[in-house]
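In what follows, chains carry the letters A, B, and so on, assigned in the order in which the sequence lines appear, proteins first and then strands, with residues in each chain numbered from 1.
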There are 2 protein chains.
Amino acid sequence: MAIPAERSPRGPGAEGEGAPLHLHRHAARPTIEDVAQFAGVSRGTVSRVLNGGHHVRPAVVANVNFAIETLGYSVNQAARNLAAGRTGSVAFVVSEHQEHIFEDPNYVLFVSVFGKELRRRGRHLLLTAAEDTEEEIFIGNYLSAGHVDGALLALPHADEPLLARLAQSRLPLVVIGRPLGYEDELSWVAIDDDTSAYEMVSYLVGRGRKRIGTVTGPLNTSGGRDRFEGYKRAVGPTFRASFVAEGDWSLESGRVGAKQILARHHNIDALFAASDLMALGALAALREAGRRVPHDVAVAGFDDSVAASLADPPLTTVRHPCEEIALEALRVLDDLMEGRSAGPEHVVLPTEFVRRRSA
Amino acid sequence: MAIPAERSPRGPGAEGEGAPLHLHRHAARPTIEDVAQFAGVSRGTVSRVLNGGHHVRPAVVANVNFAIETLGYSVNQAARNLAAGRTGSVAFVVSEHQEHIFEDPNYVLFVSVFGKELRRRGRHLLLTAAEDTEEEIFIGNYLSAGHVDGALLALPHADEPLLARLAQSRLPLVVIGRPLGYEDELSWVAIDDDTSAYEMVSYLVGRGRKRIGTVTGPLNTSGGRDRFEGYKRAVGPTFRASFVAEGDWSLESGRVGAKQILARHHNIDALFAASDLMALGALAALREAGRRVPHDVAVAGFDDSVAASLADPPLTTVRHPCEEIALEALRVLDDLMEGRSAGPEHVVLPTEFVRRRSA
DNA sequence: GTGAAAGCGCTAACAG
DNA sequence: CTGTTAGCGCTTTCAC
């Protein structure tokens with residue numbers, strides 16, 4: 001407020017000459033100020049154009065954009081974040097070992113989509129794996145300390161202490177998959193595992209298969225539990241626990257599970273694996289046991305990961321829309337971070353039956 | 001400059017009372033100012049403590065640290081980066097498809113180590129995959145536009161346009177592996193592929209193997225080329241091109257390559273694969289062909305990835321010190337970013353012969 | 001050794 | 001619709 005009065009004695013525009021400050025500015029990145037000057041507008045206007053161009057005359061927008069291009073200007077995220085009061089980072093928190101995560105094609109896709117989309121929005125992806133309790137505490141502290149604007153969580157296990165911790169923080173949170181025990185209080189985006197599994201197993205039943213086994217996912221995860229429920233509903237009163245083996249999503253667990261079931265029922269005619277990787281393992285076990293697929297035993301997977309189409313025979317499976325889930329999770333998180341949401345949002349995305357040769 | 005003059009009529013310190021601004025500061029993160037006040041020192045001193053505590057009395061350091069802990073203070077990276085004139089980000093640029101990358105256990109390790117180490121230093125890891133030419137241009141522009149403080153490059157192919165582009169920018173760069181064509185001008189950290197391969201193949205020779213085949217890596221990469229050179233040196237004058245098949249590091253290419261060699265020489269007694277994954281493929285091909293390993297054919301891999309010890313039989317291989325490479329690359333990059341390096345640094349890390357049962 | 005003060009580049013009120 | 005201005009929280013000279 002005082003400045004104009006002070007300036008007047010020097011005459012208007014006099015300080016425009018106070019340029020010595022700029023002398024040591026060698027080949028520095030152009031700033032918003034440079035753009036403003038070039039376009040003959042104020043910093044504020046340039047900022048508005050940068051942030052959507054609302055309330056700015058189209059002609060001016062064009063002018064500013066021209067200036068931006070000719071100067072090769074690009075926004076300084078640190079400055080923007082500081083001014084806007086955000087960190088510019090979003091965390092992707094996964095439980096389990098980081099190496100194990102990268103084995104799962106679903107996670108890889110998530111990382112890929114999150115990374116790309118966030119960069120488009122001028123944000124960073126922070127990959128954090130909660131490998132052990134110590135790491136979990138560190139992550140809990142780190143996230144709660146305000147180092148990120150929000151977090152995407154893939155913590156499928158029922159009693160995840162980190163989930164409890166984070167749920168109490170003010171941090172915008174979106175869970176990938178339905179978070180057992182926190183369905184109501186947290187936002188999440190998932191698929192209808194139960195119905196998808198039900199439809200797949202019903203398909204097997206419809207094809208005349210009578211003795212259908214299943215290798216489930218971990219039963220303390222919503223995905224593992226719900227796909228198992230769908231299986232149970234579909235086989236109906238013929239359900240018997242001896243047709244079931246619990247796996248952990250991995251190829252090896254699929255092989256072991258299928259072997260167990262085969263040992264108990266040498267004459268199963270179908271097998272529903274709750275993940276493609278496990279189906280692959282089951283395929284190996286069946287091959288070892290001399291069973292032909294799908295002639296003797298029909299095999300169905302879940303996820304439609306790359307492995308599914310490369311399998312021999314290619315897997316009949318359920319497409320898990322990972323990319324859409326990732327995008328939707330990001331949208332929900334954006335709503336949360338920008339304060340556009342009233343309460344927790346729950347999104348259920350449709351899956352798709354994919355018929356190939358294994359069933 | 002004008003401001004003090006304007007303020008004086010209100011009396012010194014009068015603006016100290018202009019506190020209403022702080023009223024809407026609800027449960028905000030404590031700032032450096034809060035710490036300074038609590039510790040009874042100035043912002044500058046706290047900053048010094050934050051950055052190593054040089055030129056500060058030990059007692060004061062302790063005081064400030066106490067304040068930091070009790071207040072639960074942690075630095076605001078955006079502000080720090082803005083003030084220090086850096087972005088706080090480091091890119092990890094890889095060629096090829098992102099999905100393909102995550103198949104390679106080496107890359108996964110790199111991502112893991114880079115991410116963790118950079119976070120420790122208050123920096124971010126930006127994962128960028130140059131999947132196609134368009135992406136490459138985008139990445140080139142993005143990196144050159146000053147969005148990152150430096151970049152770690154895994155671009156092994158000889159004529160990588162992105163490498164050429166980046167090499168001309170001012171950006172601090174460290175290449176993982178020896179960059180063909182840019183050995184002198186760029187910094188890099190690698191292993192001695194030639195010698196490592198030489199030693200492995202010499203070991204096979206020493207075990208009495210006479211007809212040694214090899215599945216090489218891509219011959220337009222330094223790793224592929226040098227391991228092949230090592231092989232040639234070791235087999236010496238007995239070298240024949242018909243004992244060689246070129247692979248692409250993948251399991252499948254190892255299987256195909258081994259088959260080709262077997263078709264030409266049904267009686268090979270050893271096979272050196274330039275990667276564990278390819279060795280795994282070769283193992284499968286050998287099994288299909290009814291050869292026993294190592295009795296009929298000794299098989300050696302390279303990398304000592306998890307796959308090596310899980311193989312049947314476990315692979316004799318060369319340990320590729322990925323973690324050390326990652327750490328060293330980060331150190332070199334730090335030197336570059338902080339202006340501590342005179343010129344390009346070249347680091348060659350030792351490998352280790354790992355004897356298991358396959359050879 | 002330590003404090004004071006000048007920005008870093010940007011956003012977001014607030015006037016007009 | 002547009003310009004002005006006050007910070008965002010921190011580092012970094014520059015004095016003392």
Side-chain angles (χ1 to χ4, degrees), chain A residues 1-5 7 12 15 18 20-22 24-25 28-37 39-61 63-64 73-88 122 146-147, chain B residues 1-4 6-7 12-13 15-16 18-22 24-25 28-37 39-61 63-64 68 73-88 122 146-147:
Chain A
M1 25 166 154
I3 299 174
R7 268 174 192 162
E15 35 61 87
L21 273 174
H22 292 242
H24 52 79
R25 249 219 232 171
R29 284 173 69 171
T31 73
I32 205 174
E33 184 66 55
D34 300 325
V35 175
Q37 219 155 325
V41 297
S42 74
R43 249 156 64 223
T45 300
V46 176
S47 178
R48 271 170 223 122
V49 172
L50 250 26
N51 292 287
H54 305 302
H55 309 293
V56 184
R57 248 186 316 162
V60 176
V61 173
N63 244 335
V64 171
Y73 168 82
S74 61
V75 57
N76 175 324
Q77 289 298 344
R80 165 177 282 188
N81 291 337
L82 177 58
R86 38 185 166 72
T87 71
H147 288 278
Chain B
M1 26 171 151
I3 300 175
E6 238 296 36
R7 270 179 188 159
E15 32 65 80
L21 272 173
H22 292 240
H24 53 77
R25 247 217 232 173
R29 285 172 69 172
T31 73
I32 204 174
E33 183 66 55
D34 299 326
V35 175
Q37 219 154 327
V41 296
S42 75
R43 250 154 64 222
T45 300
V46 177
S47 178
R48 272 171 222 123
V49 172
L50 250 26
N51 293 287
H54 305 301
H55 307 293
V56 183
R57 246 185 318 160
V60 176
V61 173
N63 245 334
V64 171
I68 288 176
Y73 168 83
S74 61
V75 58
N76 175 324
Q77 289 297 344
R80 164 176 283 187
N81 291 336
L82 178 57
R86 40 184 164 74
T87 70
H147 288 278

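As a whole-Å value, the separation of A/N81 CG from D/dG9 C1' is 13 Å. Rounded to whole angstrom, the span from the CG atom of A/L50 across to the C1' atom of C/dT11 amounts to 10 Å. Atom-to-atom, CG of A/L82 to P of D/dA6 comes out at 17 Å; the value is rounded to the nearest Å. When the C1' atom of C/dC10 is taken as reference, atom CD1 of A/I32 falls 6 Å away, rounded to whole Å. In this structure, the CZ atom of B/R86 is 18 Å from the P atom of D/dG9, given to the nearest Å. The distance between atom OH of A/Y73 and atom C1' of C/dG9, rounded to the nearest whole Å, is 7 Å. Rounded to an integer number of Å, the gap from CD of A/E33 to P of C/dG7 is 14 Å. When the C1' atom of C/dC10 is taken as reference, atom NE2 of B/H147 falls 14 Å away, rounded to whole Å.
For the pair B/V56 and B/R48, the tightest heavy-atom approach, listed with the atom from each and the gap, is CG2-CB, 3.7 Å.
One distance of note links CD1 of B/I68 with CG of B/D34; it measures 12.0 Å at 0.5 Å rounding. Separating the OH atom in A/Y73 from the OG1 atom in A/T31 is a distance of 7.0 Å, to the nearest 0.5 Å.
Proximity of A/N63 to A/V41: side-chain heavy atoms (C-beta onward) are nowhere separated by under 4.5 Å.
Partners of A/R43 according to the side-chain hydrogen bond (donor to acceptor under 3.5 Å, both in side chains) rule, which considers only residues two or more places apart in sequence or in another chain, do not exist here. Every residue two or more places apart in sequence or in another chain that forms a side chain to side chain contact (heavy atoms under 4.5 Å, CB included) with B/S42 is listed here: B/T45.
The side chain of A/S47 contributes an N or O atom lying less than 4.0 Å from OP1 or OP2 of C/dT11. Checking the phosphate oxygens (OP1, OP2) of D/dT11, a side-chain nitrogen or oxygen of B/R80 falls inside 4.0 Å.
Remark on the helix from C/dG1-D/dC16 to C/dG16-D/dC1: inter-end axis angle 30°, axes from five-pair C1' superpositions, rounded to 10°.
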Table of protein N/O atoms under 3.5 Å from nucleotides 1-3 of chain D N/O atoms:
unit_1: D/dT2; atom_1: OP1; unit_2: A/R57; atom_2: NE; d: 2.8
unit_1: D/dT2; atom_1: OP1; unit_2: A/R57; atom_2: NH2; d: 2.9
unit_1: D/dT2; atom_1: OP2; unit_2: A/R57; atom_2: N; d: 2.6
unit_1: D/dG3; atom_1: OP2; unit_2: A/S42; atom_2: N; d: 3.0
unit_1: D/dG3; atom_1: OP2; unit_2: A/S42; atom_2: OG; d: 3.2
unit_1: D/dG3; atom_1: OP2; unit_2: A/T45; atom_2: OG1; d: 2.6
unit_1: D/dG3; atom_1: N7; unit_2: A/R48; atom_2: NH2; d: 3.2
unit_1: D/dG3; atom_1: O6; unit_2: A/R48; atom_2: NH2; d: 2.6

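Backbone-only engagement by B/N51 is indicated by non-hydrogen atom pairs under 4.0 Å involving sugar-phosphate atoms exclusively. Counting non-hydrogen atoms under 4.0 angstrom, A/V75 reaches the backbone sugars and phosphates but no base.
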For residues 76-84 of chain A, which side-chain N or O atoms pair as donor and acceptor with protein atoms under 3.5 Å away, sequence neighbours left out?
unit_1: A/N76; atom_1: OD1; unit_2: A/A78; atom_2: N; d: 2.9
unit_1: A/N76; atom_1: OD1; unit_2: A/A79; atom_2: N; d: 3.0
unit_1: A/N81; atom_1: OD1; unit_2: A/R86; atom_2: NH1; d: 2.9
unit_1: A/N81; atom_1: ND2; unit_2: A/Q77; atom_2: O; d: 3.2
unit_1: A/N81; atom_1: ND2; unit_2: A/T87; atom_2: O; d: 3.3

